[in-house]
Number of protein chains: 2
Amino acid sequence: MDVKTLCLGVLTEGDKTGYEIKRCFEDAFSHFFVAGFGSIYPALAELSRRGLVTSRGVEQEGRPDKKIYSITPEGERALAAELAGTPPRHKVRSQFLALMYFAHLLPPERVAGIIDQMIAQWEPTVAKIEGCVTAEQLTPGMRFAAGYGRAVLGAALAYVRANKEDLVREVAAATDREPLALAGE
Amino acid sequence: MDVKTLCLGVLTEGDKTGYEIKRCFEDAFSHFFVAGFGSIYPALAELSRRGLVTSRGVEQEGRPDKKIYSITPEGERALAAELAGTPPRHKVRSQFLALMYFAHLLPPERVAGIIDQMIAQWEPTVAKIEGCVTAEQLTPGMRFAAGYGRAVLGAALAYVRANKEDLVREVAAATDREPLALAGE
DNA sequence: ACCACCATGTAAACGGTTACATGATTAC
DNA sequence: GTAATCATGTAACCGTTTACATGGTGGT
């Protein structure tokens, strides 16, 4: 299950350009699957080469021409096979938590700053998801995925807010006792 | 911040073999950073080449020889610089949620099976983290990271448990109305 | 003036996963 | 007998990220 599969998936909801697909990724998948143009355009080209999507060019005035992609019957079969065969993996890679794990090697102000950055990053995401959960005309699965994001990001935000001050204080206290072991260089 | 940095980080807690470092990843980082031998051994070789770690070989009877790695002063400086300069990213890539998003294209039993698999995957991880949160002699940062894992995985488990039946029922109802659009192929 | 939006693509670099290769010991 | 643990490493492959390349429109 990669960017190609997700592209096929969003195309089952209707024809779209690469640019619009990118927006789908941002709006609907952003909390569990990130992809940029550099992944999406090559993915679409590859799907086209394999006959899983077709595209028609549309000329535009004052704007670059666009290509509207549609999923083909073979594409639908390939998607169904992929969804049927994919094991449910769920992978987190967090530099944020790695940084926190080694908080004792960092100046306390940096620890506080890092946590503030994460809060600032998560808040708009939660707000965006909030809209999805309550939206009508979404499939149950889409609401489930959005609800998951709200629950988990909400828990993450609550946790870092509740524990920030304690952590910063403890790191500061440790730095006082054992000044500049590493952090000062 | 990559596998190399995390290796340097665990080596500040004491000398270790590649094999032991792998265990650190499993015990302490598993909920936010996954790495296998195929990443760790090359990382260690590269750190050694750059002079950020040194290693001494130890012969063993009835076992392969091992190499014990130690961080050097340059390694400590490189680690401090890396920790100081890394922006706090936190990335999730979830085939599980992608599958759920497209639940309407799946047979209901598969939806239920997928959720059960995730529960089975998360439960032992939460149990392992639980040990870390309460453990003495951990730095505040380590406890913070473990606490985060407990809070967030706990929320994830609670959410999927609470919403599984509803989702499966709704998907089944939709499949009845619109039989085998894709899912049956 | 400058930035965001619309719109598509390529190429190189990077990092990680997977599979392979080897092999003795210990516990079930 | 079968599996897990200890122990190290390589090589091919895969997918993604980043940077580059281009350029008009519309809002502040």
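Naming: A, B, ... by sequence-line order, numbering from 1 per chain.
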**Study point:** B/A84 backbone acceptor or donor facing A/R110 side chain under 3.5 Å
**Key:** yes

Point to revise | Nearest-angstrom distance from the residue atom CZ of A/F33 to C1' of D/dT17 | key: 13 Å

Review point. Between the main-chain N or O of B/D27 and the side-chain N or O of B/S30, is there a donor-acceptor pair closer than 3.5 Å?
Key: no

Check your understanding: Which nucleotide, C/dT10, D/dT10, C/dT8, lies nearest any side-chain atom of A/Y19?
Key -> C/dT8

Point to revise | Ion pair B/E26/B/R23, N-O distance below 4.0 Å | key: no

Point to revise | Heavy-atom donor-acceptor pair, A/T175 side chain to A/V171 backbone, under 3.5 Å | key: yes

Practice item. Among the candidates D/dT18, C/dT17, D/dT8, find the nucleotide nearest to the side-chain atoms of B/R89. Key: D/dT18

Practice item. Please tell me which of A/V34 and B/D65 maps to the more 5' nucleotide of DNA chain D, matching each residue to the nucleotide holding its nearest heavy atom. Key: B/D65

Exercise for review: Take the protein atom CD of A/E20 and the nucleotide atom P of C/dC5, then report the distance between them rounded to whole Å.
Suggested key: 15 Å

Exercise for review: Let me know the distance between CZ of B/F37 and P of C/dG23, rounded to the nearest Å.
Suggested key: 18 Å

Exercise for review: Only one of B/V53, B/T72, B/T54 passes side chain to side chain contact (heavy atoms under 4.5 Å, CB included) with B/S48; say which it is.
Suggested key: B/V53

Practice item. Could you check how far CZ of A/R49 sits from P of C/dT10, rounded to whole Å? Key: 12 Å

Check your understanding: Reckon B/F25 touches a base, only the sugar-phosphate, or nothing at all at heavy-atom distances under 4.0 Å?
Key -> nothing

Revision key, fill the gap. Side-chain contact check for A/K91: nearest option of D/dT10, C/dT17, C/dT8 is C/dT17

Practice item. State whether B/R23 places a side-chain N or O below 4.0 Å from either non-bridging phosphate oxygen (OP1 or OP2) of D/dT5. Key: no

Check your understanding: Are the side chain of B/R150 and the backbone N or O of B/V126 linked by a donor-acceptor pair below 3.5 Å?
Key -> no

Exercise for review: For A/G38, report the nucleic acid contact type (base, sugar-phosphate, nothing); a contact means any heavy atom under 4.0 Å.
Suggested key: base

**Study point:** Proximal nucleotide (of D/dT10, D/dT8, C/dG15) relative to the B/D2 side chain
**Key:** C/dG15

Exercise for review: Would you mind reading off the distance between B/I21 atom CD1 and D/dT5 atom P, rounded to a whole angstrom?
Suggested key: 19 Å

Review point. To the nearest angstrom, how far is A/Q95 atom CD from C/dG15 atom P?
Key: 11 Å

Exercise for review: Report yes if a side-chain nitrogen or oxygen of B/Q60 is closer than 4.0 Å to either non-bridging phosphate oxygen (OP1 or OP2) of D/dC6; otherwise report no.
Suggested key: no

Practice item. Between A/V3 and B/P42, just flag the one whose closest nucleotide in DNA chain D comes earlier from the 5' side. Key: B/P42

Exercise for review: Select one nucleotide: of C/dA7, C/dG16, C/dG9, the one nearest the side-chain heavy atoms of A/K66.
Suggested key: C/dA7

Check your understanding: Taking only N and O in the side chain of A/K67, is any of them less than 4.0 Å away from OP1 or OP2 of C/dG9?
Key -> yes

Point to revise | Nearest to side-chain heavy atoms of B/Y69, which nucleotide of C/dT17, D/dG9, D/dC6 | key: D/dG9

Exercise for review: Please report, rounded to the nearest Å, how far the P atom of C/dG16 is from the CE atom of B/M1.
Suggested key: 12 Å

Check your understanding: Between B/R93 and D/dT16, is there a side-chain N or O to OP1/OP2 distance below 4.0 Å?
Key -> yes

Check your understanding: Within less than 4.0 Å of OP1 or OP2 of C/dT17, is there a side-chain N or O belonging to B/S39?
Key -> yes

Check your understanding: Which whole-number value in Å describes the distance from A/K16 NZ to C/dA7 P?
Key -> 14 Å

